[in-house]
Amino acid sequence: MDKFMERAIELATENIQEGGQPFGAVLVKENNIITEGVNELHKTFDVSGHAELLAIRRAQAKLQTNNLSGYTMYASGEPCPMCLTAMYFAGIEQVFYCATVEEAAEVGLGKSKEIYDDLKKAKTERTLSMRRMPLREGQVDPMKLWEET
């Protein structure tokens, strides 16, 4: 097993022993660990406190950049939709994971699978209601303001 995946699993195991969930992540570039993370939901009561997101946040703060092109994420579990999306935004180019979302669901951690399944549906059929509210006449359009700057 790859040493980086071994580290992600070690982090996940330690996190379970501390009352957390079985998720650890290691962000790597050029064969070096840049940052690590574990799910900290049990500590911070923050639903975005996932292992992969924390590793990304720490790397971006450490390196003062939003661009993590050329980096690889190693995660003990398949990334949830939120973490996966953050990896796309950050430019991470490769992800290795151990447990699948289906395996996580089998042990009672099924939210990621539920969300992935929900995202396959049309917007009008999803469990989270979303409705567009167009700008009112005379309101500043932030998108046009951005385009003009």
Side-chain angles (χ1 to χ4, degrees), residues 1-121 123 126-133 140-149:
M1 183 181 289
D2 185 281
K3 67 181 179 180
F4 301 123
M5 184 59 76
E6 285 180 12
R7 179 62 182 149
I9 292 169
E10 180 183 344
L11 290 167
T13 302
E14 290 171 1
N15 201 43
I16 294 167
Q17 294 166 348
E18 295 175 7
Q21 295 177 334
F23 300 108
V26 177
L27 188 61
V28 174
K29 185 167 186 182
E30 297 172 355
N31 213 32
N32 292 304
I33 294 176
I34 306 304
T35 55
E36 301 176 334
V38 296
N39 274 36
E40 294 183 359
L41 284 72
H42 64 295
K43 293 179 182 178
T44 62
F45 305 100
D46 174 2
V47 296
S48 71
H50 288 202
E52 300 91 335
L53 277 178
L54 293 173
I56 290 168
R57 286 179 189 154
R58 290 172 182 148
Q60 290 177 329
K62 177 180 177 179
L63 303 169
Q64 294 294 289
T65 185
N66 292 323
N67 184 356
L68 298 177
S69 299
Y71 289 73
T72 301
M73 182 71 73
Y74 290 81
S76 62
E78 183 175 356
C80 75
M82 175 176 60
C83 293
L84 181 64
T85 301
M87 289 182 224
Y88 273 105
F89 275 114
I92 292 171
E93 297 173 1
Q94 197 168 33
V95 180
F96 293 97
Y97 62 91
C98 199
T100 66
V101 293
E102 291 80 13
E103 291 168 327
E106 288 172 10
V107 299
L109 297 166
K111 197 62 172 176
S112 291
K113 183 175 179 344
E114 290 174 23
I115 296 169
Y116 273 122
D117 290 344
D118 206 46
L119 289 172
K120 294 175 187 175
K121 300 174 186 174
K123 287 180 189 176
R126 293 180 187 160
T127 57
L128 179 63
S129 174
M130 292 176 50
R131 291 194 270 188
R132 181 172 184 259
M133 294 181 68
V140 173
D141 183 339
M143 294 297 168
K144 288 185 179 168
L145 183 62
W146 168 258
E147 181 182 42
E148 294 168 1
T149 58

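Since the model is a prediction, treat every value here as computed from it, not as a measurement.
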Taking the side chain as every heavy atom from C-beta outward, state whether [X] and [Y] have any pair of such atoms under 4.5 Å apart.
| X | Y | answer |
| --- | --- | --- |
| Arg57 | Ser48 | yes |
| Glu18 | Lys43 | yes |
| Asn66 | Phe89 | no |
| Leu119 | Arg126 | yes |

Determine the minimum heavy-atom distance between [X] and [Y], stating which atoms define it.
| X | Y | result |
| --- | --- | --- |
| Pro22 | Ser76 | O-OG, 3.1 Å |
| Ala55 | Gly37 | CB-N, 4.2 Å |
| Leu68 | Thr65 | CD2-CG2, 4.3 Å |
| Val26 | Ile33 | CG1-CG1, 3.5 Å |
| Asn39 | Ala51 | OD1-N, 2.8 Å |
| Met73 | Ala25 | SD-CB, 3.8 Å |

Intermediate values then yes/no, side chain to side chain donor-acceptor pair (under 3.5 Å), Ser69 and Asn67: CA-CA 6 Å; Ser69 299; Asn67 184 356; 2.6 Å; yes
Heavy-atom donor-acceptor pair, Glu78 side chain to Val101 backbone, under 3.5 Å: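 Pair found, side chain donor or acceptor close to backbone of Val101.
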Side chain Asn15, main chain Gly20, donor-acceptor under 3.5 Å: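 Not confirmed, Asn15 side chain does not pair with Gly20 backbone.
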Quick one: pull up [atom1] in [X] and [atom2] in [Y] and give me the separation to the nearest 0.5 Å.
| X | Y | atom1 | atom2 | value |
| --- | --- | --- | --- | --- |
| Cys80 | Leu109 | SG | CG | 11.5 Å |
| Ile56 | Ile34 | CD1 | CD1 | 13.5 Å |
| Phe23 | Leu11 | CZ | CG | 13.5 Å |
| Thr35 | Leu63 | OG1 | CG | 8.0 Å |
| Leu41 | Asp46 | CG | CG | 7.0 Å |
| Glu106 | Lys113 | CD | NZ | 10.0 Å |

Got a salt bridge between [X] and [Y], using NZ or NE/NH1/NH2 to carboxylate O under 4.0 Å?
| X | Y | value |
| --- | --- | --- |
| Glu40 | Arg58 | yes |
| Glu10 | Arg7 | yes |
| Glu114 | Lys111 | yes |

Mutual orientation of the aromatic rings belonging to Phe96 and Tyr74 [parallel < 30°, tilted 30-60°, perpendicular > 60°]: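 It falls in the parallel class, under 30°.
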Lys3/Glu6 under salt bridge (charged side-chain N to carboxylate O under 4.0 Å, His left out): CA gap, chis, key distance, verdict: CA-CA 5 Å; Lys3 67 181 179 180; Glu6 285 180 12; over 6 Å; no
More than 12 heavy atoms from other groups under 6.0 Å of NZ on Lys144: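 Open: at most 12 neighbouring heavy atoms sit under 6.0 Å from NZ of Lys144.
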